[in-house]
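Notes follow once the structure below has been shown.
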Amino acid sequence: MSKFDVDEVLVRKLAQLLKDTGLSEIEFESEGRRIRVNSGRISTTMSGSMDSSVTQVAVPPPPVASQPEGPPAGALTSPMVGTAYLAAEPGAQPFVKPGDRVTKGQTVLIIEAMKVMNPILAPTAGTVREVLIADGQPVEFGEALMIIQ
Amino acid sequence: MSKFDVDEVLVRKLAQLLKDTGLSEIEFESEGRRIRVNSGRISTTMSGSMDSSVTQVAVPPPPVASQPEGPPAGALTSPMVGTAYLAAEPGAQPFVKPGDRVTKGQTVLIIEAMKVMNPILAPTAGTVREVLIADGQPVEFGEALMIIQ
Amino acid sequence: MFEKVLIANRGEIALRIHRACREMGIRTVAVHSTADAEAMNVRLADESVCIGPPPSRDSYLNMAAIISAATITGADAIHPGIGFLSENAAFAQMVEDHGITFIGPAPEHLIMMGDKVQAKDAAKRFGIPVVPGSEGEITGEADAKRIAGETGYPVLIKAAAGGGGKGMRVATSEAELMAAYTMARTEAKASFGNDAVYIEKYLSHPRHIEIQIIGDSHGNVVHLGERDCSLQRRHQKVLEEAPSPALNAEQRARIGKIAADAMKTMGYKSVGTIEFLFQDGEFYFIEMNTRLQIEHPVTEMITGIDLVREQIRVASGAPLSFKQSDVTIDGHAIECRINAEDPETFLPSPGRVTDFHAAGGLGVRVDSALYSGYRVPPNYDSLIAKLVVHGRTRNESLMRLRRALEEMVIGGIKTNIPLHSRLIAAPDFINGAYDIRWLEKFVAET
Amino acid sequence: MFEKVLIANRGEIALRIHRACREMGIRTVAVHSTADAEAMNVRLADESVCIGPPPSRDSYLNMAAIISAATITGADAIHPGIGFLSENAAFAQMVEDHGITFIGPAPEHLIMMGDKVQAKDAAKRFGIPVVPGSEGEITGEADAKRIAGETGYPVLIKAAAGGGGKGMRVATSEAELMAAYTMARTEAKASFGNDAVYIEKYLSHPRHIEIQIIGDSHGNVVHLGERDCSLQRRHQKVLEEAPSPALNAEQRARIGKIAADAMKTMGYKSVGTIEFLFQDGEFYFIEMNTRLQIEHPVTEMITGIDLVREQIRVASGAPLSFKQSDVTIDGHAIECRINAEDPETFLPSPGRVTDFHAAGGLGVRVDSALYSGYRVPPNYDSLIAKLVVHGRTRNESLMRLRRALEEMVIGGIKTNIPLHSRLIAAPDFINGAYDIRWLEKFVAET
């Protein structure tokens, strides 16, 4: 079971939504987790006591096997099992490094599977935010390789 | 399991709906996901009862082994395992019947255990509301025999 | 002996193989689809590699992904388990070409027994009794008439590439022959892309009896007696037992020797099962399964031999750890296949298992990868547990099975446990008086 | 054979007896305290009767309540299980006086073996080797000095009515004797209300070896080999195995025959266990348990004999279903006692079991009344499961035990599973080189 903690980013986002939309409250529940944000705007008009609160209620999760986290946003995931190479050959310059801008279809790394070198192409144009694997690292299907945004 | 995050577009859409329709609140639930938005408008017209934004969420009970029911109030429970008799001998008048007033310490039935007749006494003065067992019925420890109030 | 074995399968059989490896001190690599990331065999394995999305063709049938997984984890052998790639000669060859040991028979034996016509020819060559009928593929209507006549009606028309009952038709007289012949060919074409069919004698009340054999790379082959798998529905085995209530010691010894001798001649060097129809004291070869069988625990319970352990040993080049004379049949064993399906409609019932409680105690064995909270994925077959009991007599194991079924708890999904409970209470079953069609009738009538 | 048996016990052993009855087609009555209303054996029984509140003296030791329960349910036999009333002669007699069969030995044998001094005398009469020492109760300090001198130091001073290590003291020299004598008497008085003590030779590095026997009412007695129960902590057995790594076939046959012959002379007619200390090739009688033992599954696994089934059969007057010559020892078995206790401090850990998952597969047996959601009550002993493995060799069962311990899941409470995992990895244990004091040292040092 995950540690009982508030997702700060989510709360800030909801607070912004309240401001933008002029709503007084947003409550959202999914998969046994629930969050409610209240602007307290109402309470200003009356007894100021009411909670201008952020409550995150931890509903005990159903005893399902804990699922793995999904890949981060903008992640390029491995389409196959194999060994990942960041450069065309040992000692050569890496195809890309963090900060590089890439164009859609540009080779960003290679995965060797069954002695075949498979070039992995950038799915979209963008900037390489992070490279998540080391050169020569074995990777499995669906493993996050790098983040391009 | 999808990451726990709010669909921003949906919230904005619901906010717009509130404005257009003049509703104060929209709650929407589907496949374990629930969202509720509240305009807070209601509070301006009504004495600001916050319950316009209070929602009960059914928390699933923990999967404990179901415990046996306790005996009903005023129940006289069996202090031993044996066979219960409502009369001193076959064909005789029962010690008590529903509606009878009994005094504390009065014999209300007999339980035979190991060929010994054990008189069972009324724990308090009161009225016999109900006799829960039949004459000659086997009873276990803690079984409710009759209700005296 | 191997240092590290990759288990190219899923579910209870992957767990079964993991257990054998652990007990031999061999490290295990679990490969799995994204649907099986939380599977018990994956959790227990020393290493795991996700090899693809849920569809089998992209994961458990994905040869490149599996061999890559073996390469990056440095596994020195691959156990293919049951189904999936276990009888795929191309895969076996590819594994060997990568310098990895395929835990199974030689590719040529997979090929030989993979095609029904070739297999029947081989069986005849090796002295295994076969069902009388066409020597090979039927060349046309005239040929069909002639062979059906010689064989004697009723006859069965079967797809050469067939399996699971697809492309099978019975003709009880020459009048029915042509229609049956055409239908069988059409179905065969549709199901296997190959309309080759053959004709054989149709048996009206046979039992399904199969002989377990195991050979090593030193020319030794031993048989471990039979299993009676007559209780089938839609050609799927439901309950298996050994010894068969229908065989006597002489018949057992005779067919066992025939099977073992044939495998010696063939040079077979792994576990394998030769399936027969048995009627009126005669055995007729159906096919050979060149792999482990789902029902192998039945044989393990009555012989005390760990078949998977032995299969891994012989694959590593070690000789069999026992001789034919060491094999003794002790008591009686029964296996119930527990499927995630509606016991009435037989529709699959995948989903989350809210409660799992296995039967326990003396003489009870449960092989299952279930656990409370596990989700049975909808992508694969519905076998979720095997309940196996052993007793000193058939009656003792029947009584034990009854009480074990009472103890099994699988909550949240539907299972065929109620069917098994009804089945073992049926007088015909208790008397051992059933053939391969009995269960279909039983299900239809109750 | 009995129609209906009342099981006067709780926990895993009550379930064990229920299973045997179900497999024999005998209806079961579960009696339980209010604390055990949700117990698995209660849920599975044909009938159940609540016999009292949680304290044992008011429920599981409440003879009147249990016999009344048998009367109102019409049970024709009572199985007392292990502990509680199982060795209580008065209860056995009371049961018989009510025309109900007591599934156990004759009351006089319970009395004879219930008192340590009487038991030792009986053992000598029946030709069972005993530890040299006082003929009976020590009459005073002078007597103590004389006997200790004759026996030779070190000597052990033991309460006549003792058990569980209470009222036991060692004296390594005459200087220590008086203090030890006084302390033992005081403890004996406090624990058993009887300060009678006796003196015997103290063995420095013995093993605990016990012989399983079973007799019927027709004069037949058979022994089923030994169990090695040397791994104890505070005189509580933790892990048992058979055959003992320390015994050879000649020693096994010799002590087995001595035990069986003694029981024949005695006319013993149920299951029983004769416990010995074994050192330097010699056996010394400790005591006889005139009941089933917790560790009986170890013997069942290597002999293939269902001891509880056989115990019920002989109680019904049937003769033993086997002769001594039919008994063969096949392979090796080990049992781990899994307790609800802290593996470091050994403090009891009752409470709700959030997850229970039993190990499965070939050669693994779990006897447990646990289930997910069950509450382990604080009122009774902490044994919650017995994990038993069988293999063709001791090494095979060790490897199997290791992987089975990896699979066991008991969540929500603390258990001694981690202790067992450490224990079976210890070189001394793997080599079978341990005596009755080894475990205490192991626990203290690690």
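Chain letters run A, B, ... following the sequence lines, proteins first and then strands; every chain starts at 1. Model, not experiment: these values are computed from the prediction.
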Q) Roughly how far apart are Asn62(C) CG and Phe141(A) CZ, rounded to 0.5 Å? A) 9.5 Å

Q) Can you list the steps and then say if His98(C) with Lys115(A) is a side-chain contact (heavy atoms from CB on, under 4.5 Å)? A) CA-CA 10 Å; His98(C) 282 74; Lys115(A) 307 193 170 35; 3.8 Å; yes

Q.
Tell me which of these, Ala65(C), Ser33(C), Ala69(C), Pro53(C), has more heavy-atom pairs under 4.5 Å with chain A than the rest.
A. Pro53(C)

Q) Top residue by heavy-atom pair count (under 4.5 Å) with chain A, among Gly52(C), Ser68(C), Cys50(C)? A) Cys50(C)

Q) Quick one: what part of Thr71(C) sits under 4.5 Å from any heavy atom of chain A, side chain, backbone, both or neither? A) neither

Q: Identify which part of Ile67(C) has an atom lying under 4.5 Å from any heavy atom of chain A, answering side chain, backbone, both or neither.
A: side chain

Q: Give a yes or no on this: more than 12 heavy atoms of other residues, nucleotides or ligands lie within 6.0 Å of atom CD of Gln149(A).
A: yes

Q: State the CD-NE2 distance between Glu140(A) and His32(C), to the nearest 0.5 angstrom.
A: 5.5 Å

(Q) How long is the straight-line distance from CD of Gln137(A) back to CD1 of Ile72(C), given to the nearest 0.5 Å? (A) 9.5 Å

**Q.** Residue Val139(A) versus chain C: region with a heavy atom under 4.5 Å
**A.** backbone

Q. Is it the side chain or the backbone of Met114(A) that comes within 4.5 Å of chain C heavy atoms, both, or neither?
A. both

Q) For Thr73(C), is it the side chain, the backbone, both or neither that has a heavy atom under 4.5 Å from a heavy atom of chain A? A) neither

